[in-house]
Amino acid sequence: MSIIEPNSLLSVPTGPLRISKFPPSSAYRVRNNVLFSLVIPTYKERDNVQKIVETLSKLLDESIPWDYELIIVDDDSPDRTWEVAQSLIPEYPQLRVMRRQGERGLSSAVVRGWQAAEGKILGVIDGDLQHPPQVLLQLLRAVEEGADLAVASRHVDGGGVSSWSFVRRFLSRGAQILGLMFLPHVLGRVSDPMSGYFLLKRDSIVEANLNPVGYKILLEVLGRGNIDEIAEVGYVFSERLEGESKVTWRHYVDYLHHLLRLRLTTGHLGRFRQKLNFPIVRFLRFGAVGFSGLFVDLAVFHILRQIIGLGLTRSTILSAEVAIINNFLWNDVWTFRDISRWQKGGKARFRRFLKFNVICLTGVILQALIVNLLFNVLGVNQYIAKLIAIAFVVLWNFWVNLKLSWRITDVNK
Ligand SMILES: Nc1nc2c(ncn2[C@@H]2O[C@H](COP(=O)(O)OP(=O)(O)O)[C@@H](O)[C@H]2O)c(=O)[nH]1
Ligand SMILES: [Mg+2]
């Protein structure tokens, strides 16, 4: 076994974004689990990192000495924030640092940090000092006194935003109202669902399939966690002194995407879909890809026949194959993206492609059999027979590909 330096970087958890009941055994620290793990996501915060670590360590050393850990999750910042953070470890032994290189994004950074965390209480705070550290102790007390979740809120007594422009205030409130209309059972539970400063009991999100996009990790926790009691503590979002905000228009689009995803997978609709146990969204994508394949098939067929002058049979087979390749690629990068992400490499992809190909070709044979059966034996009109056969084969293609090509044991809609 190799000996790992005490101030080496934390390894980045891989696989689904799920928090296990028991913390991971840490390779280089022999100690009991700590009470509280606070994740600090950073991206280009080199000038803030020392100050935030210093302030938080001082605060927590006074209230729960040795019973906490600070986990900086840096997304491989070009300003090398992770390196600055790492150099602080000797001085702040409760600090751990993760440098993520493959994935990016605030919400998933927080979940990756929690996955590596040892605490029974998990938390998140911005790394730019806009979240006042003192509020942390109030949040901690609330969870220790029984709350499943304690949220620092700008919209209760004592809360506010210090220097936001009218546009940002407007967008923030607009986003909240839209979310309330879309997902009242999630956003209606707290006064500031956009807050990025909160603590929760590990048990309340254990084994939930977290699937966050963008910035709003609290929505994910509220939507998928098992949360009864919620506490809120007011805070004023202060001005940034160093570095700059990473919020762009892209984050508003991500937010809409996130709302839609939560709408489809939580609450009544989510429960209905769970009972139905059919991956509807995936199936719709598969159908859309199939539809695109139809046009590819026809276009290639046209080129081969009219421009190249190839024979009918060859053109038919070749154009069908091009359509199959088209469909495979779209399905691989879109319909089944979440699965293919974990089976990287050209070889694995090629294997998926071969299976996809065989399954689709089997589908064609199946179609011929069904049409024959319906038309010749049962006397069904030939077009209706063809339509029934297509519907059946699309389902067949989808289901068998789901189970075999992109092998999936746990359907995470
Ligand atoms: N790891 C990680 N951290 C991020 C990312 N985007 C933003 N952050 C951090 O998340 C916190 C809040 O981001 P910020 O841009 O200040 O958002 P704002 O305060 O709402 O304007 C800061 O600590 C950022 O460094 C990201 O993609 N990955
Ligand atoms: Mg900020």
Side-chain angles (χ1 to χ4, degrees), residues 9-10 12-13 17 38-56 70-86 95-117 123-133 135-136 151-155 159-176 192-198 210 212-220 235-255 257-258:
L9 294 167
L10 272 181
V12 184
L17 292 165
L38 182 61
V39 167
I40 312 167
T42 59
Y43 190 69
K44 296 200 263 185
E45 303 290 0
R46 127 176 236 120
D47 296 330
N48 285 317
V49 77
Q50 160 139 30
K51 179 88 190 289
I52 183 111
V53 169
E54 185 189 318
T55 318
L56 290 171
L70 302 176
I71 304 178
I72 291 194
V73 182
D74 185 63
D75 281 357
D76 206 19
S77 298
D79 69 0
R80 300 176 85 82
T81 304
W82 48 273
E83 202 174 57
V84 180
Q86 198 181 2
L95 174 65
R96 308 167 80 184
V97 180
M98 189 186 291
R99 174 191 182 191
R100 268 196 338 160
Q101 288 178 288
E103 293 172 302
R104 262 217 61 188
L106 177 53
S107 291
S108 65
V110 176
V111 180
R112 289 297 183 211
W114 287 342
Q115 283 183 302
V124 56
I125 186 170
D126 282 0
D128 54 10
L129 297 153
Q130 288 193 278
H131 290 155
V135 172
L136 197 61
V151 183
S153 167
R154 292 163 287 193
H155 308 311
V161 286
S162 57
S163 65
W164 273 12
S165 68
F166 173 75
V167 174
R168 184 134 190 212
R169 269 172 219 258
F170 177 79
L171 283 174
S172 175
R173 279 300 197 180
Q176 187 178 352
D192 190 359
M194 309 297 166
S195 175
Y197 188 11
F198 61 90
L210 301 173
V213 256
Y215 248 49
K216 302 301 171 195
I217 179 66
L218 179 56
L219 297 186
E220 195 67 13
Y235 84 99
V236 177
F237 195 75
S238 32
E239 270 176 66
R240 220 181 215 283
L241 298 176
E242 304 292 342
E244 56 189 33
S245 171
K246 281 96 209 169
V247 175
T248 62
W249 279 103
R250 172 71 208 265
H251 292 108
Y252 291 96
V253 177
D254 281 349
Y255 171 71
H257 183 185
H258 196 184

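Just so you know, ligand 1 is whichever comes first in the structure, and atom 1 is the first atom listed for that ligand. All values reported here derive from a predicted model rather than from experimental measurement.
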With a cut-off of 2.8 Å, does D128 put an N/O/S atom close enough to the Mg ion (ligand 2)?
yes

Carboxylate-amine/guanidinium contact D75 R100, below 4.0 Å
yes

Is the shortest side-chain heavy-atom distance between W82 and D76 below 4.5 Å?
yes

Would you check if I40 and L56 make a side-chain contact, meaning some heavy-atom pair closer than 4.5 Å?
yes

Heavy-atom distance under 4.5 Å between the side chains of Y43 and R104, does that happen here?
yes

Hey, which residues fall under 4.0 Å of ligand 1 on heavy atoms?
P41, T42, Y43, E45, V73, D75, R104, G105, L106, A109, D126, G127, D128, Q130, R168, Y215, F237, R240, S245, K246, V247

Is Q130 close enough that one of its N/O/S atoms sits under 2.8 Å from the Mg ion (ligand 2)?
yes

When rounded to the nearest 0.5 angstrom, what is the spacing between CE in M194 and OH in Y255?
3.0 Å

Considering all heavy atoms, the nearest R168-S245 contact:
NH1-OG, 3.8 Å

Side-chain heavy-atom pair Y215, D254 within 4.5 angstrom cut-off:
no

